[in-house]
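Heavy-atom basis, side chains included; hydrogens, waters and symmetry copies ignored. Below, chain A is the first sequence line, B the second, and so on; all start at residue 1. Please read these numbers as outputs of a predicted model, since none were measured by experiment.
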Amino acid sequence: DSGVTQTPKHLITATGQRVTLRCSPRSGDLSVYWYQQSLDQGLQFLIQYYNGEERAKGNILERFSAQQFPDLHSELNLSSLELGDSALYFCASSAAWGANYGYTFGSGTRLTVV
Amino acid sequence: AQTVTQSQPEMSVQEAETVTLSCTYDTSESDYYLFWYKQPPSRQMILVIRQEAYKQQNATENRFSVNFQKAAKSFSLKISDSQLGDAAMYFCASTNYGGSQGNLIFGKGTKLSVKP
């Protein structure tokens with residue numbers, strides 16, 4: 001157990017629907033990062049939050065949004081889902097703003113859009 | 001834009017032998033950090049090794065070591081005495097600190113197979 005908790009582990013939904021992925025960072029970590037891992041695409045950075053504030057945005061679609069709550073857990077909302085959104089979504093956390101010591105990853109949420 | 005390139009989509013090694021995975025990166029930062037992560041079939045991302053760019057000495061973690069060539073922007077991973085449990089996807093990553101960024105940029109990965 002890495003200490004980063006992601007729920008649910010698997011999610012199957014239909015095109016056009018909206019889903020919410022949840023992440024609880026490792027105890028004491030203030031930064032949360034979201035990544036999308038599609039087949040043959042490696043890990044694409046979506047967004048970073050630090051202590052409740054958005055700090056950096058990557059290749060995140062307008063249909064996607066995220067937030068970090070006062071208790072530091074984070075949610076990634078995906079709406080108007082398309083088949084191409086099927087992927088493994090990772091949450092990771094780090095103690096500080098930056099990634100100098102790397103991340104601790106959760107086990108991911110496998111999203112399948114049918 | 002900052003990039004990390006892994007030119008070997010797949011590699012294979014015999015058990016107990018040594019294999020080297022390649023990675024090159026492109027950054028304009030003077031201070032940065034480099035990582036190798038392992039992703040076994042369980043999907044969990046596991047940190048293998050970390051290198052601080054301002055340190056000349058190559059990082060080592062048990063059977064894992066790196067060859068860091070700063071001028072060439074090369075960061076390869078050497079796995080010695082390969083074991084069946086080393087079979088996984090391996091991702092190279094670099095810190096991305098341009099502007100207010102504080103995230104990691106990953107390469108597309110190298111799939112390592114270990115033959116008994």
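- Across all their heavy atoms, B:Thr18 and B:Lys78 have their closest contact at CG2-CG, 3.5 Å.
- For A:Asp85 against A:Gln36, the heavy-atom pair with the smallest separation is O-NE2, 4.2 Å.
- Only the side chain of A:Ser2 comes within less than 4.5 Å of a heavy atom in chain B; its backbone stays farther off.
- Heavy atoms of B:Tyr32 lying under 4.5 Å from chain A are absent altogether.
- A salt bridge links B:Glu52 to B:Arg50: one of the charged nitrogens lies within less than 4.0 Å of a carboxylate oxygen.
- Heavy atoms of B:Gln39 lying under 4.5 Å from chain A belong exclusively to its side chain.
- Of all heavy-atom pairs spanning B:Val4 and B:Ser94, the tightest one is CG2-CB, 3.8 Å.
- Using a 4.5 Å cut-off between heavy atoms, A:Gln37 contacts chain B through its side chain alone, with no backbone atom that close.
- Contacts between B:Arg43 and chain A at a heavy-atom distance below 4.5 Å involve backbone atoms as well as side-chain atoms.
- Inspection of the A:Asn77 and A:Glu75 side chains reveals no N or O donor paired with an N or O acceptor under 3.5 Å.
- A:Tyr101 touches chain B through backbone and side chain together, each having a heavy atom under 4.5 Å away.
- Between A:Phe64 and A:Tyr89, the two ring planes are perpendicular [angle over 60°; tilted spans 30° to 60°].
- Contact annotation for B:Leu104: both backbone and side-chain heavy atoms come within less than 4.5 Å of a heavy atom of chain A.
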Exercise answer: donor-acceptor pairs, residues 104-114 of chain A side-chain atoms, under 3.5 Å, sequence neighbours excluded:
from, atom 1, to, atom 2, distance (Å)
A:Thr104, OG1, A:Arg26, NH1, 3.4
A:Ser107, OG, A:Lys9, NZ, 3.4
A:Thr109, OG1, A:Pro8, O, 2.6

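- Proximity to chain B among residues 11-25 of chain A is not found for any residue, judged by heavy-atom separations below 4.5 angstrom.
- Among all heavy-atom pairs drawn from B:Ser22 and B:Ser7, the shortest one is CB-OG, 4.3 Å.
- Here A:Tyr35 and A:Tyr103 bring their ring centres to under 6.0 angstrom of each other.
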